[in-house]
Amino acid sequence: MSGVIVTNPPKAQLADVDALARYGVATVSEAMGRTGLLGPGIRPVQQGVRVAGTAVTVLSWPGDNLMIHAAVEQCGEGDILVVTTTSPCTDGLFGELFATALQRRGVRGVVMNTGIRDTQELRDMGFAAWSRAVSSQGTVKATGGSVNVPIAIDGQVIHPGDVILADDDGVVVVPRERARETARRSEAREAKEAATRAAFLGGQLGLDRYGLRETLKNLGVEYQSYEQYAGERP
């Protein structure tokens with residue numbers, strides 16, 4: 001497998017990245033029209049952590065982490081490393097030593113469409129990580145691949161420089177061209193949700209706030225007393 005290492009790709013502005021970091025993955029995905037989510041199989045190895053950064057992408061061979069070593073050189077302040085392989089792989093391609101090198105370079109976290117290991121060490125050092133699996137299985141360094149090229153994970157195309165946002169609920173990708181717009185839409189959505197939260201605290205029901213009683217009626221859903229319902233049962 002041949003490959004390419006692309007240097008200095010365009011990236012989303014860190015101000016827009018940090019603006020998106022104020023919102024949860026669910027809010028940002030909703031703000032983009034319920035798009036951008038990586039699948040539920042990619043889970044955090046820690047809890048209570050949210051990070052956002054610009055993607056440095058890696059396409060590797062299964063069971064081989066050579067291109068992660070190559071990608072470290074391309075990583076810098078505010079980045080998130082995003083790794084996938086040419087076919088499914090759950091081997092532990094990433095661990096504490098990689099995290100040490102990346103943390104030194106200001107990288108905010110890693111998203112692995114593969115396995116990860118040294119999870120306790122990662123938590124202890126405060127390096128945020130999301131992965132497809134946790135596995136102690138080691139790897140080789142023998143096959144070429146690519147860095148900073150478009151990759152696909154769970155049907156989502158990730159370009160180098162796109163915004164990656166990750167929290168306890170999962171991972172979402174925001175195209176770099178849409179970062180500022182999505183931050184604005186996320187702010188508006190959060191304000192709307194705050195108003196709804198206040199209404200619910202005040203006792204209003206979602207059925208009324210969202211106008212759902214008419215929806216139930218149009219769908220033929222009826223209200224019956226227990227006596228009516230019980231009397232109709234055979």
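Position 1 is the first residue of the sequence, and the numbers go up from there. Every value quoted in this text rests on a predicted model; they were computed, and no experiment measured them.
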Sequence neighbours left out, what passes side chain to side chain donor-acceptor pair (under 3.5 Å) with Asp124? Give chain and number order. Gln120
For Arg117, all residues meeting salt bridge (charged side-chain N to carboxylate O under 4.0 Å, His left out), sequence neighbours excluded: none
In Å and rounded to the nearest 0.5 Å, what is the CD1 to CG distance from Ile80 to Leu165? 7.5 Å
Please list all pairs passing the side-chain hydrogen bond (donor to acceptor under 3.5 Å, both in side chains) test where one or both residues lie in residues 195-209, with sequence neighbours left out. Thr196-Arg209, Gln204-Arg209, Asp208-Arg213
Pairs flagged by salt bridge (charged side-chain N to carboxylate O under 4.0 Å, His left out) wherever residues 13-27 is involved - sequence neighbours left out: Asp16-Arg180, Asp18-Arg108
If the test is side-chain hydrogen bond (donor to acceptor under 3.5 Å, both in side chains), which one of Asp64, Thr86, Asn65 qualifies with Thr143? Asp64
Connected via hydrophobic side-chain network under 4.5 Å: Val82 and Leu14: no
Spatial distance of atom CE (Met112) from atom CG (Asp91) [nearest 0.5 Å]: 10.0 Å
Please enumerate all residues that pass side-chain contact (heavy atoms from CB on, under 4.5 Å) together with Asn113, with sequence neighbours excluded. Ile42, Thr84, Arg132, Ile153
How would you list, by chain and number, every residue that makes a ring-ring contact (aromatic ring centres under 6.0 Å, His included) with Tyr23, sequence neighbours excluded? none
Residues pairing under side-chain hydrogen bond (donor to acceptor under 3.5 Å, both in side chains) where one sits in residues 71-80, two or more places apart or in two chains, turn out to be Lys11-Asp79, Thr54-Asp79
Hey, what's the ring geometry for Phe94 with Phe127, parallel, tilted or perpendicular (30° and 60° as the breaks)? parallel
Quick one: side-chain hydrogen bond (donor to acceptor under 3.5 Å, both in side chains) pairs with a partner in residues 28-48, sequence neighbours left out? none
Through direct or indirect side-chain contacts below 4.5 angstrom among Ile, Leu, Val, Met, Phe, Trp and Tyr, which residues connect to Leu201? none
For Val157, which fellow cluster members are found when Ile, Leu, Val, Met, Phe, Trp and Tyr are connected by side-chain heavy-atom distances below 4.5 angstrom, either directly or through intermediates? none
What pairs with Asp162 under salt bridge (charged side-chain N to carboxylate O under 4.0 Å, His left out), at least two apart in sequence or on another chain? none
To the nearest 0.5 Å, atom NE2 of His69 lies from atom NZ of Lys141 at 4.0 Å
Sequence neighbours excluded, every pair satisfying side-chain hydrogen bond (donor to acceptor under 3.5 Å, both in side chains) that has a member inside residues 98-107: Glu96-Thr100
